[in-house]
Protein chains: 2
Amino acid sequence: MARTPAPRGTRAATLSDVARLAGVSVATASKALNGRNHVHPQTRERVMQAAAQLSFSPNSLARGLLAGRTGTVGLLTSDLVGRFSLPILMGAEDAFGAGQVSVFLCDARGDAIRERHHVQALLSRRVDGLIVVGSSTNPRPPLADAVDVPVVYAYAPSEAPEDLSIVPDNVNAGRMAVEHLIACGRTRIAHISGDREYSAARDRAAGAQAALDAAGLELVGEVAYGAWEEGWGRAAAGMLLDREPDVDAVLCGSDQVARGVLDTLRERGRRVPEDVAVMGFDNWDVLATGARPQLTSVDMNLEELGRAAARALFEAIDAEHGRAVHTVQCRVVVRGSTASAG
Amino acid sequence: MARTPAPRGTRAATLSDVARLAGVSVATASKALNGRNHVHPQTRERVMQAAAQLSFSPNSLARGLLAGRTGTVGLLTSDLVGRFSLPILMGAEDAFGAGQVSVFLCDARGDAIRERHHVQALLSRRVDGLIVVGSSTNPRPPLADAVDVPVVYAYAPSEAPEDLSIVPDNVNAGRMAVEHLIACGRTRIAHISGDREYSAARDRAAGAQAALDAAGLELVGEVAYGAWEEGWGRAAAGMLLDREPDVDAVLCGSDQVARGVLDTLRERGRRVPEDVAVMGFDNWDVLATGARPQLTSVDMNLEELGRAAARALFEAIDAEHGRAVHTVQCRVVVRGSTASAG
DNA sequence: AAAGGGTCCGAAAAGCTTTTCGGTCATTGC
DNA sequence: GCAATGACCGAAAAGCTTTTCGGACCCTTT
């Protein structure tokens, strides 16, 4: 493939260059390229050819300067390394990229100073809006700076109720999980969760309890809060089996925890799903599909959450929009670990 | 915290506003804020206060338009969902963000059309440079468009030898892994790898072979190529134990494969690391630390790779720079699965 | 043949910052 | 007291695109 060698130093062609080559004024060239009226078809064609020949691409800086709108947004994450920012970011990038919007990515690394620095940088670049992605579902303080563009908080809602936040519906996730287990014929359901400090853990437990109540069932034992780790899942499952040998389903706070629970069940000779069904949250592919049997999990639809945040930001940019907390629904992804006992 | 309510619609303050408030000309205001000479300290102070009062932040668009340099770079990934883009991206973001550079993030999702579209958008935004992050270490075709700014290829090198590429040193990674196993007293070492189509798999195997040769050892069995999955690790380990019962170390093509291998070893009653040492690549935290015992792994230093790519791009922006393929070194992270047998 | 209308093109301004260069004022030296 | 020097400030241009408005030209109609 004979690629044109990149002409370094050859500054990019401007509209003037195109106009000169086409033998028209810059005004006419602009109108021709932007499909405006009052340009003779023949002239337009000449301009188009000239533009193609010079591989002209209009300078977005100048355009943004004039229009007062840049077609850029800032995506401010507090923890890129974490598991949850990435899909949200992908969804947002997807929604924006499909349009004409480019995304500035910033990672504050959980540091408030860095966050302010990034916000300032984004504002000086005149972004049209901002999406702030939290690292957990716990509410976070709103941006410290006065920001004159719309802001949407994703995953972690803002503590300020007047801000617009898009969060996953963890309560409903818990409810759907238990409903699935009940639909699989399970009645003795235990819940091994993660860190109690996370509202995600508490909300899922609350949703699970609601579903149990609705079915007239009781949770087996207490909700076992611990850590978001395989090791905790293994340990907690051991204790659970000691105390409640007749458990027939374990709802786990995350796929990591579920992996640990699966390990212990296997070691104790309990078959999954025949004897005990196991279910996780997050639908983390590498963990869920690598498990034996593959793990049924609740997908929080984070990519959709990112898209929803992007859409909300669009609307807020175009018009002052009602502010509130919106939730995104989740879905159960059924795999081998909960095959129906019915 | 009494946050200033975001004054939506209040267009951002310009330098003229500051100058007017301070009672000076825009030229003086500019010089005062940028620390230029020939401004009376008292005047400078007045300007600074006016700027603070209006929370003025200079319009980067206008600045970039004038300077011919925007202080932005494009980060073009082909597969954001993959495991490897993210740390590279973090490293790059880190290196740039520390300076005054902002990063445009684009995900082409492995689609050439989308890639071209993104490149065009980035060029029209006048980025100062481009980092192209591949989804595997296999060489990829160079960008289809003529690009008049520097480009650095990260992870996947460009097929064009004149391009600048930064890649992990998989050969050396394989060598270091085997050297570690030998240092642990192992002599009967097998290698269960991933997909043969990946140069990463082949390079690591080549490095491992080189280290074995240097130590006068032979690989136990053949390199077992398969898939980057736990299931493959489980299956391959079963076959390995059947054929080569006296193996005392398994080098795995990835942490995922290693997890599967650990599973099978446990089921077959082989103790790790006493009977068999196990080692992976990638140092994927959630897999390596969740394993029992925790998994020794080779970290490819991808974040450092991202930083190196950013630095290389910096240099290429400042001056036409020597083009070539550079490699980034890896490191062994020792955990329980290879405790010394000596 | 002149006027009117329509079609098309071009000049100019706006958007914001930085830099250069010229101008003003005060101070100092003779 | 005058000239020269230095310190400080302001006008203006450059960077690129889009839009508005006025002008030029051609064709038609009376």
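The sequence lines fix the lettering, A, B, ..., with proteins before strands; numbering per chain opens at 1.
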Which whole-number value in Å describes the distance from A/Arg69 CZ to C/dC16 P? 16 Å
A/Thr137 vs A/Val167, side-chain contact (heavy atoms from CB on, under 4.5 Å): CA-CA, chis, key distance, verdict: CA-CA 7 Å; A/Thr137 55; A/Val167 299; 6.0 Å; no
Spacing of A/Arg63 atom CZ relative to C/dC16 atom P, expressed in whole Å: 18 Å
Does C/dT17 have OP1 or OP2 sitting under 4.0 Å from an N or O in the side chain of B/Thr14? yes
Round to the nearest Å and state the distance from B/Gln42 atom CD to D/dC8 atom P. 11 Å
Please pick, from C/dC8, C/dT17, C/dA14, the nucleotide with the shortest atom-to-atom distance to any side-chain atom of B/Phe56. C/dT17
Taking for B/Arg46 and for A/Arg36 the nucleotide of DNA chain D with the nearest heavy atom, the one nearer the 5' end belongs to B/Arg46
Interatomic distance, A/Arg20 CZ vs D/dT17 P [rounded to whole Å]: 12 Å
Rounding to an integer number of Å, can you tell me how far B/His40 NE2 sits from C/dA26 C1'? 11 Å
Nearest-nucleotide 5' precedence on DNA chain D, A/Lys31 against B/Pro41: B/Pro41
Given C/dC16, C/dT19, D/dT19, which nucleotide is nearest the side-chain atoms of A/Ala27? D/dT19
Any side-chain N or O of B/Asn59 under 4.0 Å from OP1/OP2 of C/dG15? no
Using atom CG of B/Asp17 as one end and atom C1' of C/dG15 as the other, report the distance to the nearest whole Å. 13 Å
Kindly indicate, with the supporting measurements, whether the criterion side-chain contact (heavy atoms from CB on, under 4.5 Å) is fulfilled by A/Arg46 and A/Thr43. CA-CA 5 Å; A/Arg46 257 205 342 275; A/Thr43 309; 4.3 Å; yes
Take atom CG of B/Asn34 and atom P of C/dT17, then tell me their distance rounded to the nearest Å. 11 Å
Taking only side-chain nitrogens and oxygens of B/Ser30, does any of them come within less than 4.0 Å of OP1 or OP2 of C/dT17? no
Check: B/Gln329 main-chain N/O paired with B/Asn301 side-chain donor or acceptor under 3.5 Å: yes
Counting neighbours of CD on A/Gln120 that are heavy atoms of other residues, nucleotides or ligands and sit closer than 6.0 Å, is the number greater than 12? yes
Let me know the distance between CG of A/Leu65 and P of D/dC16, rounded to the nearest Å. 13 Å
Would you kindly say whether A/Asp163 and A/Ser158 are connected by a side-chain donor-acceptor distance under 3.5 Å? yes
D/dC9, OP1 or OP2 - any side-chain N/O from B/Ser25 closer than 4.0 Å? no
Scan B/Thr43 against the nucleic acid and name what it touches under 4.0 Å (heavy atoms): base, sugar-phosphate only, or nothing. sugar-phosphate
Of the listed nucleotides C/dT18, D/dC8, D/dC16, the one nearest the side chain of B/Leu66: C/dT18
